[in-house]
Amino acid sequence: MMKLIKYDLINGGKKNAVKFCAISVFAILVCHLLSLSFENKIQNGLLELSTLSYGDYIVYFFSGMKEFVVEKDKDFVIPFIWMAEQLLICSLVFTYPIKDISEHGTINLLQYGSRTKWWLSKCIWSIFQVICYYIVVFLTIAVYTIFRGRFQMSVHSSIFRTIDKVNITVDKLQFKQLIPIVLYSIFMVICIITVSLIISRVIALLVVCIYNIVSVFLMNELLLANASMLYRNSYFIEKGINVHVVGTLSVLLSVLLVIVAIMYFGKYDIFQKKRD
Amino acid sequence: MSTLIELNNYCKTIKKVEILKNITLKMESGKVYGLKGKNGSGKTMMMRAICGLILPTSGEVKIDGTIIGKDISFPPSIGVLLENPSFLNEYTGFKNLKIIASIQDKIDDNQINKVLTLVGLDPCDKRTYRKYSLGMKQRLGIAAAIMEQPDIVILDEPINALDEAGAKQVREILKQQKERGAVCIIACHDSEELEFLSDEIIEIYEGKIMGQYRVEKGDVINN
């Protein structure tokens, strides 16, 4: 199985190189946006900080949107940064696993002789892409912080209170606090490749987008995407979404989807789509 | 001669269309079987069925007595060239074959070089697959199918995009595969060429076997 995984990592990874560059550029833009807001608040005398920390940038990048409460004269503002992040993660697994079935992957499948292991390899590859996504984001923000901030894990709650009117309860960022976000991303990519296999890639993307949009509207543990917004996450705010529940659900649902996909792929007819 | 491949009452329906209808046949090792039929008659689907890439609606495919989809997922020793060969664009022909060969680890670099030469490709060619002509792509597809000397060789339109010299090489390759005891299944639009290459012709029309003929020295003999 290691050979299959190695093949997927190299072949699929190469195809995603450009996307990872785009993710890096996107992370820089988001950091720059925070820098501009921060400088603006400083100039207006609303903040008394000297510089932003690595922790501030990370929290802002994964902040998402605070709970939406329906009120008169209050418009719903789509959290574009968070939506773009989710779309970028989806884009990493949108093409390769499914296209490979009808392309070069067919030869590998016949050579390897096991549909189950072949699909498992694609799942592992997808999870690896998610991990790479977070590594790229963390590293890019680290580099940005070296030039435009202070490389510290401290989180200045006053910044988020001033910019987004959110009370962050964390004063020092720990990477373990971000695990629920990663687990949700893994669930999302497994969902994408499973629905792509069973129905189609476009439907898979639609399903995930609709699920994410509904999650933005409603703050609920069953809408797992809530945990990937730090402004709704129990680690970062009071009365936030219980990250332990969401983390466990993400893992359980991911495993369930993998099992469903393996059963489906066991009976799946493999054609060369271009001509059939 | 031992029977290697058996199709028993094989039926395949896709989106309410019967693609393969009650196909029953046996294929023995050391023979070349030519599938003859119009476009869309079910030749490629039959090949896919033997590979285990599609599974039957009813009936079965047996390889040496084991049922595909039940006992095994795919035939344990098979080499295929189905429709358009698909390789990794950014690698050379050699590197592409090396990646495939690394899965089973049965053959070394020398054997890959030999098979590339056999199909008329230069093993030292530094051009990537992206820059290959159609004919070269076809040759690489054939090389991938035969390089590990599998028990079953399936070639769909092997002489497509090949010049006269290439077609001659395919004839030679099939002869070699036959001599070492492989069961070869080919499909080809050129009836004359198909009859020349095959020991038996299986005529397919709208997913049904219409006839099976023996061929001797290019002449068709009714069974």
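Chain letters run A, B, ... following the sequence lines, proteins first, then strands; residues in each count from 1. Remember, predicted model here, so these are calculated numbers, not experimental data.
Heavy-atom proximity under 4.5 angstrom to chain A picks out nothing from residues 111-126 of chain B.
The ring of W118(A) has its center no closer than 6.0 angstrom to the ring center of Y112(A).
In this structure, the portions of I100(B) lying under 4.5 Å from any heavy atom of chain A include both its backbone and its side chain. Contact annotation for Y7(A): only side-chain heavy atoms (C-beta onward) come within less than 4.5 Å of a heavy atom of chain B. Contact of I72(B) with chain A is not made at all, since no heavy-atom distance falls under 4.5 Å. Contact of K6(A) with chain B is not made at all, since no heavy-atom distance falls under 4.5 Å.
Comment: K31(B) engages E28(B) in a salt bridge, judged by a side-chain N to carboxylate O separation of less than 4.0 angstrom.
Both tests hold for K137(B) against Y129(B): distance to the six-membered ring centre under 6.0 Å, angle to the ring axis within 45°.
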| request: Step by step, work out the side chain to side chain contact (heavy atoms under 4.5 Å, CB included) result for I5(A) and W125(A). | output: CA-CA 7 Å; I5(A) 295 170; W125(A) 176 83; over 6 Å; no
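For residues 84-101 of chain B, every residue pair satisfying the salt bridge (charged side-chain N to carboxylate O under 4.0 Å, His left out) rule, not counting sequence neighbours, is listed here: K98(B)-D109(B). The salt bridge (charged side-chain N to carboxylate O under 4.0 Å, His left out) contacts involving residues 116-132 of chain A comprise D8(A)-K122(A), D100(A)-K122(A), where partners must be two or more places apart or lie in separate chains.
The aromatic rings of F138(A) and F62(A) sit perpendicular, their planes meeting at an angle over 60°, well past the 30° parallel limit.
Counting heavy-atom pairs closer than 4.5 Å to chain B, the top residue among L109(A), I10(A), L4(A), T106(A) is L109(A).
With sequence neighbours left out, C51(B) forms a side chain to side chain contact (heavy atoms under 4.5 Å, CB included) with L110(A), L53(B), I78(B), V80(B), L82(B), I154(B).
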